[in-house]
Each structure stands twice: as structure tokens, then as C-alpha cells.
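Take a look at the structure below.
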Amino acid sequence: MDSISLYLPGIILAYSAFLLSIASPGPNVLAVIGTSMEVGRKSGMALALGVATGSFCWAVLTVVGLSALLSTYAVALTIIKVGGGLYLLWLAYKSFKSSRAKHDIAATALAGGKRSALGYFIRGLTVQMTNPKAALAWIAIISLGLTQDAPVWVGVTVVLGTTLLSITIHLIYAIAFSTPVMVRLYSRARRAIQFTLGVFFAFAGIKLLTSRI
């Protein structure tokens, strides 16, 4: 029980950072929304599952890589936390900047024409795995929950939890945004959402930079 209480705050913070990171639609999420609107809900859901699978792969690679690195070089955790903290502060800046912009979200389907459900799944997986920003995002997210000498179950919990969140949220995007009404509703709340995200990312970044190594 003491072990759980020790690592639980970091795990929850990692979950929160991931959840809020996909609450602000990036290119992958916008592709899911656009595909659901222009092609159909089934295609959007297949693309969403592909993106979520890519997120799972990045999470596993990041946890395994960071665990191996930390077990060999203790100073690596300091470098990772500084880099992750700065990246979160950069996300905070982008969120605050976006909250002041007047443009709405621009959701469009992926280029290349229509394809099968499997084709959309593979495309979503490919797009997510070839996104260089995903690596930086996952390093920041995992470093919030992973500490020096953390047991294996901590990394497994972060991976499984974020994977469940990824599947759930991306499917919600695909289903809910298959109608233009949801896009209009989101557009109205976009500024408030982006400002809230900026506050959280700033908090998480400062916490990571000032946390004890």
C-alpha cells in the first residue's frame, strides 16, 4: 500500500497530461474527425484505432527505453525531466496562443482517397508512428510517472492506462464528430479548453522541472 501511494500521484499526473494532450486536437485527431465527417463513422473509428495503437507502441517503447537508460545512467533522469518539463512549457505556450486565436478547427480527411477499414487502421498507425512530436510527448508524459528505481508495475500501469484512454477518447472523437453539430459545439468552447490546457501544461512542466530527482 505504501508503494502504491508513493507512485500514484505521478501515475495520475501522467494520465492527466495524456488525456488533456488529446483534448486539444492535433493533426492526428483532426484527421479522425475529418474522416468521420467526410467518409463515415466506420472509417473514422478504424483510423482512430490505428492512431490509438500507435500511441500504445510509443508508450511501450518509451517506458522500455527510459527504464533501460535509467538503470544504467542515473543522471539521465535529470536530463529527461528537464527536457520533458521544457516541452510541457512549450505546449503550455502553444495552448495559450491558440486560446487567443479566432480561427476554428479545420478537420479534413486524410489525402489519398477512400480505403478499406483495414487501410484506415494501417494509415492511422503509420501516421502516429512516424510523427516525431509523438516521441517528445511520450517522453514528457512517461517521465511524469516514472521515477528512479520505480518498479515494473508503474511503467505497466502508465502504458495500460494511457492506452485505454487513447482508445476511448479517439473512438469518442470518431463517433461524436461524425456530425457537423459537434464540430460547431467544440468550436464554441475551443478557447476555454485551450486556456485550461495551457494552465495544466504549465503546472505539469514546472512540477517536472522542480521535482526531486
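- The nearest pair of heavy atoms linking L86 to L209 is N-CD2, 4.2 Å.
- Taking hydrophobic clusters as Ile, Leu, Val, Met, Phe, Trp and Tyr residues chained together by side-chain heavy-atom distances below 4.5 Å, L165 does not share a cluster with L160.
- Put simply, the side chain of V51 does not reach to within 4.5 Å of the side chain of V127, judged on heavy atoms.
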Got a list of side-chain donor-acceptor pairs under 3.5 Å for residues 39-48, not counting sequence neighbours?
unit_1	atom_1	unit_2	atom_2	d
R41	NE	S178	OG	3.3
R41	NH2	S178	OG	3.0

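- Annotation for G155 and V63: closest pair CA-CG1, 3.9 Å, computed over non-hydrogen atoms.
- When hydrophobic residues (I, L, V, M, F, W, Y) are linked wherever their side-chain heavy atoms come within less than 4.5 Å, Y93 remains an isolated member.
- A chain of hydrophobic side-chain contacts below 4.5 Å, direct or via other Ile, Leu, Val, Met, Phe, Trp or Tyr residues, connects V64 to W138.
- Tested against L19 for a side-chain contact (heavy atoms from CB on, under 4.5 Å), the candidates I141, T162, T168, I169 yield a single pass: I169.
- Using a 4.5 Å heavy-atom threshold, the side chains of S166 and F18 count as touching.
- Remark: F121 CZ is packed, more than 12 non-hydrogen atoms of other residues, nucleotides or ligands lying under 6.0 Å away.
- Y7 contributes no side-chain N or O that, together with a main-chain N or O of W153, makes up a donor-acceptor pair within less than 3.5 Å.
- In this structure, Y120 is a member of the same hydrophobic cluster as M129, with clusters built from ILVMFWY side-chain heavy atoms closer than 4.5 Å.
- The nearest pair of heavy atoms linking I22 to Y173 is O-OH, 2.7 Å.
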